[in-house]
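Take a look at the structure set out below.
Quick note on labels: first sequence line is chain A, next is B, and so on, each numbered from 1.
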Amino acid sequence: MQSGEPSSMYRTIQQSLLARIQAILLSKYEITLTQLAVEQPPSIALGELALPVAFELAKRLRKAPRAIATELAAELTAALPQLPGIASVEVAGAGYLNIRLQRSAAVRAIAQDQHADIGGPGFRLIEHTSINPNKAAHIGHLRNAILGDTFQRLLRPDSFKRGYEVGVQNYIDNTGVQVADVVVGLVHLEGKTLDTTRELLNELLETNTRIDFYCWDLYARVSQWYTASSDAAELTRRKQIRLDTLHALEAGDNDTATIADIISTAVLHRHLETMQRLSIEYDFLPRESEILSLHFWDAARALMLEKGVLYLETSGKNQGCYVMRRAGTDGQQKGTDAPDEEAKVIVRSNGTVTYVGKDIAYHLWKFGLLPGKDFGYEKFFEYPTHSCWISTAAPTGPQPPTFGHADAIYNVIDSRQNDPQNNVIAALRGMGYTDVADRYTHFSYEMVALTPRCALDLGYPISEEDQKRSYIEVSGRKGFGVKADDLLDRLIAAAKAEVDTRHPEIPEPERLTISTQIAVGALRYFMLRFTRNTVIAFDFKDALSFEGETGPYVQYAIVRAANIFRKANTTAEASLSAIATLDLAPILDSEEGTSLWETWLLSSKLTLTIEQCIATAEPAYLAKYAFQLAQQFNNFYHRHHVLNETDPTRKAILLSTAAVAQREMIRALGYLGIEAPPVM
RNA sequence: GCGCCCGUAGCUCAGCUGGAUAGAGCAUCUGGCUUCGAACCAGAGGGUCGGAGGUUCGAAUCCUUCCGGGCGCACCA
């Protein structure tokens with residue numbers, strides 16, 4: 001491990017072991033197994049690796065598993081000199097082969113931070129957040145953004161791993177019905193013109209009122225207004241206003257569109273600020289207005305027609321539309337002329353494009369497959385370390401960034417959009433871009449809903465029927481939900497109350513910083529602890545908790561470790577290098593050493609966990625890992641009093657154990673987007 | 001009707017490509033701060049893994065079916 005690729009000791013050992021077993025199987029039984037399962041024994045006392053291979057062979061060899069395991073164990077034991085890192089092999093249970101590692105050698109390697117690398121070639125484009133810029137971000141949007149941002153951190157190059165080249169974009173639908181609705185509210189409910197809308201923005205700015213909060217209420221009012229009349233003619237008139245407004249936005253170059261633009265841009269600014277509170281940043285904001293004005297669809301349509309994916313329907317219910325075969329259907333039956341009634345309409349009979357059509361064009365651009373089309377780019381928002389760009393219709397100046405050349409994409413979009421997403425993928429596949437379709441990941445997740453109790457606490461009227469449900473879907477249209485900024489404010493206030501009583505000696509600004517770190521830690525962890533396809537039934541009691549399986553639990557463990565180094569007048573780094581020349585075996589191989597070794601072993605599994613998260617697009621595994629490591633550390637903390645230890649070798653080992661756990665907890669939290677406060 | 005997802009302890013959730021006595025957190029009860037800070041730790045109680053078949057040496061995990069719940073199936077975005 002001194003030369004060449006840095007590699008994980010765990011994985012290296014595993015590979016040489018499996019190769020050896022394959023050789024034994026071949027020479028002894030003339031058997032080749034394509035896959036060898038490797039597990040972990042239920043307790044570390046039984047070893048670090050468990051092989052159920054004897055069970056697999058039992059039937060083929062017509063022998064008891066335990067007998068086979070015994071033979072294999074004998075062969076492996078004889079080969080031990082050629083198996084570096086492995087201390088012993090033994091048979092356990094009904095026929096498991098349990099492997100013990102050489103603890104001191106492994107600990108030394110881990111202390112030196114030898115670990116597997118993660119990364120590879122290719123540009124990966126992640127899209128997340130994508131909130132309609134017509135209202136405040138709510139907890140559902142938070143789940144999306146936190147999932148996407150965490151995944152982006154797992155992929156991106158950093159000091160720990162080579163990583164992948166990554167771009168993060170946030171798609172802005174600034175010309176859709178939702179934005180049109182708030183424009184209707186401003187113009188038809190509030191009587192605003194372009195000029196008085198500008199005045200309103202200034203007024204909100206001066207009174208420190210969040211524009212997205214203002215729109216939240218207005219949007220709910222408009223949505224009601226559309227249906228709140230007993231006069232049928234009036235309702236029709238209101239629907240027509242809505243349609244006309246939408247068309248004005250799509251056409252552009254008119255006062256209505258300008259109102260929409262300044263409002264949606266102001267709300268977008270607010271969204272970026274809200275997300276920045278949670279350490280979430282973007283590289284690029286592609287907007288639908290540019291997809292329209294730069295005519296991405298025209299190029300996409302030509303391509304789709306050429307590839308035969310898009311065709312004019314000449315009969316049936318979709319007559320006069322350009323349609324596409326829907327994902328998961330066979331299309332029209334062979335030998336019949338019957339039209340495919342299941343087909344997805346891409347171009348309406350009036351010549352306008354549907355949402356899926358625009359999305360296909362957009363995704364062809366993402367993969368660099370839309371000939372002659374690209375956005376213009378200009379800087380929109382500045383982060384401490386980089387700029388966030390936004391799309392423009394005008395050509396870009398010198399040195400424009402390029403985003404539309406992805407080798408793989410991840411779309412963080414909730415599971416309700418499964419069908420549309422599959423249609424886009426089907427279009428790509430139908431056009432012959434099968435390799436591209438395979439690298440299109442719909443990073444699907446379930447929604448965040450409210451528990452009935454939470455909804456009642458917030459003062460929403462809840463029907464008897466809804467109160468019996470386990471959760472109630474949030475609705476921007478009804479103004480029903482928990483705003484992201486409100487939740488964060490409440491979390492910070494709760495954390496601040498704790499920090500204030502625990503650390504009155506710390507200056508106020510610093511206390512606020514720490515409280516914010518704790519609040520963000522609690523919130524991000526809360527959104528990440530559930531696996532993606534679990535509906536989160538949101539409740540303030542759970543979300544505001546700082547105890548148990550939470551972000552602050554992990555942060556607290558890190559603070560405890562830091563206190564040890566401070567009082568011992570040393571550092572984590574020094575503690576880790578201090579054990580290099582010590583004889584660790586007597587302590588590590590003892591019974592007492594087992595619990596220490598367990599901490600080291602778990603600490604060494606960060607890369608394994610990250611790889612698993614990337615492969616399955618599931619950040620929840622890392623959240624679980626961080627918690628388990630913190631639990632392990634807290635257990636260690638109580639069993640071993642580091643500062644009181646009088647034996648110097650033993651003390652050095654204890655210090656380094658705290659150090660390795662702290663190192664990996666900080667890293668794990670970092671990937672979750674959670675900072676480690678100095679004290680708390 | 002079709003498609004996707006879910007059903008595991010009182011509650012909220014894990015359980016990786018099938019594997020050793022099914023695990024956490026919260027809640028409840030019992031202990032533990034003159035010791036590196038108790039936002040912590042130790043212990044206890046609590047589960048026919050929705051039901052029924054099947055595959056397998058072995059199933060919470062794979063297959064079939066049924067029951068119960070959620071979300072999608074527009075010339076809306």
Side-chain angles (χ1 to χ4, degrees), chain A residues 35 37 39 41-43 46 50 52 55-56 58-59 64-65 92-96 98 132 173 175-180 246 288 317-318 320-323 326-329 342 344-356 358-359 414-420 422 444 446-447 449 451 469-471 473 495 498-499 502 518 522 529-537 539 541-542 545-550 552-553 555-557 559-568 609 612 615-616 618 620-621 624 627-628 630-631 634-635 637-645 654 658 679-680:
Chain A
Q35 259 196 325
E39 295 156 19
S43 157
L46 294 170
F55 298 108
E56 194 108 350
K59 197 173 188 184
Y96 283 95
N98 284 355
N132 275 304
D173 183 3
T175 54
V177 277
Q178 294 211 21
V179 170
L246 178 60
E288 186 175 71
K317 65 169 185 175
N318 293 331
C321 299
Y322 280 89
V323 301
R326 201 180 282 270
T329 65
E342 299 285 294
K344 172 68 194 167
V345 171
I346 302 297
V347 182
R348 303 183 186 100
S349 53
N350 68 5
T352 57
V353 197
T354 61
Y355 168 74
V356 170
K358 282 181 272 190
D359 219 22
D414 78 66
S415 63
R416 285 171 291 196
Q417 299 220 40
N418 274 339
D419 282 1
N422 285 335
S444 170
E446 283 289 345
M447 62 182 171
T451 62
R469 299 159 72 111
S470 54
Y471 56 82
E473 189 174 353
E498 280 293 322
V499 176
R502 287 163 191 252
I518 294 169
R529 53 180 283 221
F530 304 93
T531 49
R532 285 187 286 118
N533 51 16
T534 298
V535 176
I536 298 181
D539 196 296
K541 185 176 78 66
D542 300 329
S545 170
F546 299 149
E547 293 167 11
E549 193 178 343
T550 65
Y553 176 94
Q555 290 174 318
Y556 187 65
V559 167
R560 284 176 135 187
N563 287 343
I564 297 176
F565 303 127
R566 188 165 38 80
K567 295 230 175 174
T609 307
Q612 196 192 353
T616 56
E618 183 53 271
Y621 298 140
K624 189 64 97 182
F627 172 67
Q628 282 169 345
Q631 236 180 354
N634 275 328
N635 181 278
Y637 184 90
H638 278 268
R639 279 159 88 149
H640 307 277
H641 201 281
V642 181
L643 297 183
N644 282 358
E645 181 55 57
L654 292 179
V679 292
M680 63 185 279

Legend entry - Nucleotide of B/rA39, B/rC5, B/rC26 approaching A/N533 most closely (side-chain heavy atoms): B/rC5
Inset, instruction - Could you tell me whether A/P41 contacts a base, only the sugar-phosphate backbone, or nothing, with contacts defined as non-hydrogen atoms closer than 4.0 Å? - result: base
Legend entry - Charged N-O contact under 4.0 Å between A/E446 and A/R532: no
Inset, instruction - Would you indicate what A/N563 reaches in the nucleic acid, counting non-hydrogen atoms under 4.0 angstrom: base, sugar-phosphate, or nothing? - result: base
Legend entry - Residues A/E473, A/R416: salt bridge by 4.0 Å N-O rule: yes
Inset, instruction - Please tell me which of A/E547 and A/Y621 maps to the more 5' nucleotide of RNA chain B, matching each residue to the nucleotide holding its nearest heavy atom. - result: A/Y621
Legend entry - B/rC26 and B/rU34, which share atom name C1', separated by this distance in whole Å: 33 Å
Inset, instruction - Assess whether one donor atom and one acceptor atom, taken from the side chain of A/N98 and the base of B/rA20, lie less than 3.5 Å apart. - result: yes
Legend entry - Between B/rG7 and B/rA52 - C1' atom distance, rounded Å: 16 Å
Legend entry - Whole-angstrom distance between B/rU61 and B/rC16, as gauged at atom P: 11 Å
Legend entry - Side chain of A/N634 - closest among B/rC41, B/rA39, B/rA77: B/rC41
Legend entry - Partner nucleotide, any strand, of B/rG3 [Watson-Crick/G-U, under 3.5 Å]: B/rC71
Inset, instruction - Please check the phosphate of B/rA77 (OP1 and OP2 only) for any side-chain N or O of A/Y355 closer than 4.0 Å. - result: no
Inset, instruction - Kindly say if A/N635 contacts the phosphate of B/rA42, meaning a side-chain N or O under 4.0 Å from OP1 or OP2. - result: yes
Inset, instruction - Looking at every strand, decide which applies to A/S349 at a 4.0 Å heavy-atom threshold: base, sugar-phosphate, or nothing. - result: base
Legend entry - Euclidean distance for P, B/rC6 against B/rA27 (whole angstrom): 29 Å
Inset, instruction - Provide the distance between the two C1' atoms, one in B/rU8 and one in B/rU48, to the nearest whole Å. - result: 12 Å
Inset, instruction - Pick base, sugar-phosphate or nothing for A/N422, based on heavy-atom distances below 4.0 Å to the nucleic acid. - result: nothing
Legend entry - Identity of whatever pairs with B/rA38 - Watson-Crick or G-U, under 3.5 angstrom: none
Inset, instruction - Name the pairing partner of B/rG23, where a pair is Watson-Crick or G-U wobble with both distances under 3.5 Å, or state none. - result: B/rC13
Legend entry - Quiz item: A/N418 side-chain donor-acceptor pair to B/rG72 base, under 3.5 Å: no
Inset, instruction - With heavy atoms under 4.0 Å as the rule, sort A/L246 into base, sugar-phosphate or nothing. - result: nothing
Legend entry - Atom P, compared across B/rC29 and B/rU21: separation rounded to whole Å: 33 Å
Legend entry - Separation of the P atoms in B/rA60 and B/rG69, to the nearest angstrom: 26 Å
Legend entry - A/E645 side chain near A/H640 side chain, heavy-atom distance below 4.5 Å: no
Inset, instruction - Answer yes or no: does a side-chain N or O of A/Y322 lie under 4.0 Å from OP1 or OP2 of B/rC75? - result: no
Inset, instruction - Return yes when atom CZ of A/F530 has more than 12 non-hydrogen atoms of other residues, nucleotides or ligands closer than 6.0 Å, and no otherwise. - result: yes
Legend entry - Side-chain heavy-atom pair A/E618, A/T531 within 4.5 angstrom cut-off: yes
Inset, instruction - Check whether any side-chain N or O of A/Y553 sits under 4.0 Å from OP1 or OP2 of B/rC41, and answer yes or no. - result: yes
Legend entry - Whole-Å P distance, B/rC13 and B/rG70: 15 Å
Inset, instruction - Can you check whether any acceptor in the base of B/rA39 is under 3.5 Å from a donor in the side chain of A/R502, or vice versa? - result: yes
